[in-house]
Number of protein chains: 4
Amino acid sequence: MAAPDHPHSSQRRGRPRSAAADRAILAATRAALVEVGWGRLTMGEVAHRAGVAKTTLYRRWAAKSELVLDAVAVLFDELELPDRGCLRADVEGVVLSFAALLRRPETKTALMAVLAESTTDEALRSRIRQAIVDRQKRLVLDGRSRAQRRGELPPDPADPAETAQVVDLIFDVIAGAVVHRSLVSDRPVDEAWARQFATLLLDGLGAVSPGPRPCPPEAQGPLPSSAEAGARQRPGER
Amino acid sequence: MAAPDHPHSSQRRGRPRSAAADRAILAATRAALVEVGWGRLTMGEVAHRAGVAKTTLYRRWAAKSELVLDAVAVLFDELELPDRGCLRADVEGVVLSFAALLRRPETKTALMAVLAESTTDEALRSRIRQAIVDRQKRLVLDGRSRAQRRGELPPDPADPAETAQVVDLIFDVIAGAVVHRSLVSDRPVDEAWARQFATLLLDGLGAVSPGPRPCPPEAQGPLPSSAEAGARQRPGER
Amino acid sequence: MAAPDHPHSSQRRGRPRSAAADRAILAATRAALVEVGWGRLTMGEVAHRAGVAKTTLYRRWAAKSELVLDAVAVLFDELELPDRGCLRADVEGVVLSFAALLRRPETKTALMAVLAESTTDEALRSRIRQAIVDRQKRLVLDGRSRAQRRGELPPDPADPAETAQVVDLIFDVIAGAVVHRSLVSDRPVDEAWARQFATLLLDGLGAVSPGPRPCPPEAQGPLPSSAEAGARQRPGER
Amino acid sequence: MAAPDHPHSSQRRGRPRSAAADRAILAATRAALVEVGWGRLTMGEVAHRAGVAKTTLYRRWAAKSELVLDAVAVLFDELELPDRGCLRADVEGVVLSFAALLRRPETKTALMAVLAESTTDEALRSRIRQAIVDRQKRLVLDGRSRAQRRGELPPDPADPAETAQVVDLIFDVIAGAVVHRSLVSDRPVDEAWARQFATLLLDGLGAVSPGPRPCPPEAQGPLPSSAEAGARQRPGER
DNA sequence: AAGTAAGCGAGACGGTACGTCCTGTCTTTTC
DNA sequence: GAAAAGACAGGACGTACCGTCTCGCTTACTT
């Protein structure tokens, strides 16, 4: 996952590359992102923090953007979709979790910077989709099938392309709205906003594909723990 | 509008700043953005293209990000909301116009780069909101009042805060979804997607605030000309 | 003397140049030389100290070196040759006076810097000779004629070119040796050194042109007051 | 010799500094001095001529003055004291050699500029003495002991401090007079002047310390070849 | 008294060089 | 043969001065 492209398949000759160095470099990258942000992040600084020579970095990653992408992609994998009882609550939960992740300094600075770089670099754009975007569509798919199991949503239509289209739309709307609210409008993504947004999304969905049934008020579980876990300082990260 | 902060109110002493230099610099910045993108854009290159000394740049803008912001902000002002007959058509129109604007290389590279910088710079964040985000909320407000005039939407509620909240939500959802679809998912924002998205939005809106009436099919006007005008090379811009 | 080249011959039209500005500029130049030396002396700084615009400087002096030359040349005019009773004592006196002048920070930094500039600028070289070098040959001529009046030296030979040659030699030897001792060898020019040097010079002179008679010990007057006056802070100079 | 301060004692880690770069930089500095003089000499230009990055210069020399000092100091080492048969002829020879060296554009512009800088920089002053002044006292010492071997001068006095004092005086007088004649008075140091000066010096010396015997006319050898060698373009220097 | 021509303080202007920082490559020795 | 160390060529940075150029006054002589 966060490993760089080692075509080490069958053990090559000479000294093998140090896996510890990989881990140290990615951790150092995240730490440096927190402290200085993308703009002042330098390869030399990362190498120094990781106790590694610059050559070792360049042997593994071709560019700063790829290193940073690998360093933060793993953080997005920590997003979860806890079962809060009904679809609306699950949507609110994932919105709040995602917003919490975007509140972490390394995540927001790295994500936006890498996206900015990708506007002029198709290869990087593809790498971002692969490492972050497409991986997190699982959240939509999971929430969808869970709602179907609960009977809140009808089963998938016969044509899988139609499903994919709706999933893409939902993902773009959720991710786009949360990012825009958090990083552009710079206003808090709190429970009130999440509720309002979930309402808009779910009622709107009913028009796009057969809609959800209303959510019984007593069914809502607690807020997902990960929503706040993201904001806490993670132990052992540096 | 795109002028840097000249507190020249009452004629100050000494030689006044050259307005021609301002224009040349902003035009050179846009041209350079098209050719080399944000990453390879240098202050020296901009100065050279504008036939201006570097000091003249730094006298007006403290940082590359502020210069670029001023250079592209004016492009967002060209967005219009042509009357296409009904609210749904107006939404589709603005979505397509905005997507066309984001297809221009200078717009997308500059917007994302400036947003990335702004994640660690509150002053820049505020400046972006002022120069771009808040200015374009006029599109939502215009569309809204036009629909109210048509009778498609009920009049504003008594509490103006409530209206503001809904307008913000709509703006975050539209802008966020279009940006995410265009620049992250990297899939086309075409008429089919715009229709699907407008459906989701308008039906969702009905749940958030009293909803729109259905759109008479015969009422839809033509696509806004600006949707494609943005993608064309602008004459005389060098 | 310290006035720049005003070809104001017959009163020109328009507002006349301010003589106060001239004085303020030269004083500011000397003050700045003391504080920051030649290397960090800037035209802008001088203008600011003098309460004058840069244009006013450039209207009068074409280059920093010319301004500085005019500013310090006047200091060399303060050198005097007090009558200390015999030629040897007069020589020692002028050596000590000159060394005291070279101990002043503005004098030494300006003199050497202007000489350095002049190695690649014939016009400046000529201007230096005119403003400083040739003017101070009067000291040698005065000392010489005084010694002749005392009978310590024979009258000038018939050929004035021969006299000029010897005067030049004496001047080069005195000025050169004192400057070298002070600024290159960086060792003190004290009474002991002055005595030793005067001995070498006067005895050597006897071989070049008919020599001096010995100096009666009781004839030596006091040290010239100007020898130390130069080292004191001059009142009212800034 | 002209190498900058490498405390590389026992082979350090990492890539060692390039000795070829050192040589190229010093040669480029001399060449640039000839062409543009001290005033227009820039670090960037030197780096460019030497085919080296500016950082490589700054890694070795902290300031332009130190670089230039190292670049020209080596030229002063080429001064020699050929045996011309008697002390007077040797003095004339060294005076002419020194004057020839000061006729070279790089030498005069660099020497005076570095001395000017040194008036406000004690460290540089000390570095100049070490690299140029004290090294060339060997010429006085050599001439002196050679004259003693010939019997033209008595052996050194018992007190070595007395000898040092006289040597310093001689050096200041010779170097000072030649520099002043050449660069300040701007008059030629030719054989006639050298003869007159040598006469003054040697006869004067007799009064300071026990003097030289007269020089037998038939003993004078030819002019030192180095007197003119310095003015010729040196082969293979760039 | 009005006109006019230069001087003047202020500060923007096109430039040049500065000395620093970072990039990505290379050459060493050590493991 | 990978790794740490650090020198290397290159290039952009943001700053400091340069010497010139407008500006809107001010000052004195000319009519």
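Both backbone and side-chain heavy atoms feed into the values below; hydrogens, waters and symmetry mates do not. Naming: A, B, ... by sequence-line order, numbering from 1 per chain.
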**Prompt:** Under 4.0 Å between a Lys/Arg side-chain N and an Asp/Glu carboxylate O for C:Arg127 and C:Asp70?
**Reply:** yes
**Asked** Distance under 6.0 Å and angle within 45° of the ring axis: does A:Lys64 meet both against A:Trp38?
**Response** yes
**Asked** OP1 or OP2 of E:dA6 less than 4.0 angstrom from a side-chain nitrogen or oxygen of C:Arg13, does that happen here?
**Response** no
**Message:** Could you tell me how far apart C:His48 (NE2) and F:dA16 (P) are, to the nearest whole angstrom?
**Reply:** 15 Å
**Request:** Round to the nearest Å and state the distance from B:Arg49 atom CZ to E:dG14 atom C1'.
**Result:** 19 Å
**Message:** Regarding D:Thr55, tell me which of base, sugar-phosphate or nothing describes its non-hydrogen contacts under 4.0 Å with the strands shown.
**Reply:** base
**Prompt:** Which of these nucleotides, F:dT20, E:dG7, E:dT23, is closest to any side-chain atom of A:Thr42?
**Reply:** E:dT23
**Request:** Whole angstrom is fine here: how far is it from CG in C:Leu67 over to P in F:dC18?
**Result:** 11 Å
**Fill in**
Between D:Ala62 and A:Lys54, the residue closer to the 5' end of DNA chain E by nearest nucleotide is D:Ala62
**Item:** Nearest-Å distance for atom pair CD1/C1', residues C:Ile25 and E:dC8
**Value:** 11 Å
**Prompt:** Any donor-acceptor pair under 3.5 Å joining the side chain of D:Arg15 to the base of E:dC26?
**Reply:** yes
**Prompt:** Is the backbone of B:Pro105 close enough, under 3.5 Å, to the side chain of B:Thr109 for a donor and an acceptor to pair up by distance?
**Reply:** no
**Prompt:** Please give, in whole Å, the distance from F:dA5 P to A:Leu57 CG?
**Reply:** 13 Å
**Prompt:** Taking the nucleotide of DNA chain E with the closest heavy atom to each, which residue, A:Gly44 or B:Ala19, is nearer the 5' end?
**Reply:** B:Ala19
**Presence of salt bridge, B:Glu45 and B:Lys54, under 4.0 angstrom** = no
**Prompt:** Is the distance from OP1 or OP2 of F:dC8 to the nearest side-chain N or O of D:Arg59 less than 4.0 Å?
**Reply:** yes
**Presence of salt bridge, D:Asp22 and D:Arg60, under 4.0 angstrom** = yes
**Request:** Compare side-chain N and O positions of C:Arg40 against OP1 and OP2 of E:dC18 and report whether any pair is under 4.0 Å apart.
**Result:** no
**Complete:** Ranking D:Ala53 and A:Ala53 by the position along DNA chain F of their nearest nucleotide, the one closer to 5' is A:Ala53
**Asked** Under 4.0 Å between a side-chain N/O of B:Arg60 and OP1 or OP2 of E:dC13, yes or no?
**Response** yes
**Request:** Report the residue (C:Glu45 or D:Ala50) whose heavy-atom-nearest nucleotide on DNA chain F is the more 5′ of the two.
**Result:** D:Ala50
**Request:** Answer yes when B:Glu35 and B:Arg30 have at least one side-chain N-carboxylate O distance shorter than 4.0 Å, and no when they do not.
**Result:** no
**Asked** Where the side chain of C:Thr56 is defined as all heavy atoms beyond and including C-beta, which of E:dG9, E:dT23, F:dA5 is the nearest nucleotide?
**Response** E:dG9
**Request:** Measure the distance from CG on A:Leu41 to P on E:dC21 and round it to the nearest whole Å.
**Result:** 17 Å
**Nearest to side-chain heavy atoms of D:Val52, which nucleotide of F:dA9, E:dG9, F:dC8** = F:dA9
**Item:** Distance, rounded to the nearest Å, where A:Trp61 contributes CH2 and E:dT23 contributes P
**Value:** 15 Å
**Complete:** Atom CE of D:Met43 and atom C1' of F:dA9 are separated, to the nearest Å, by 16 Å
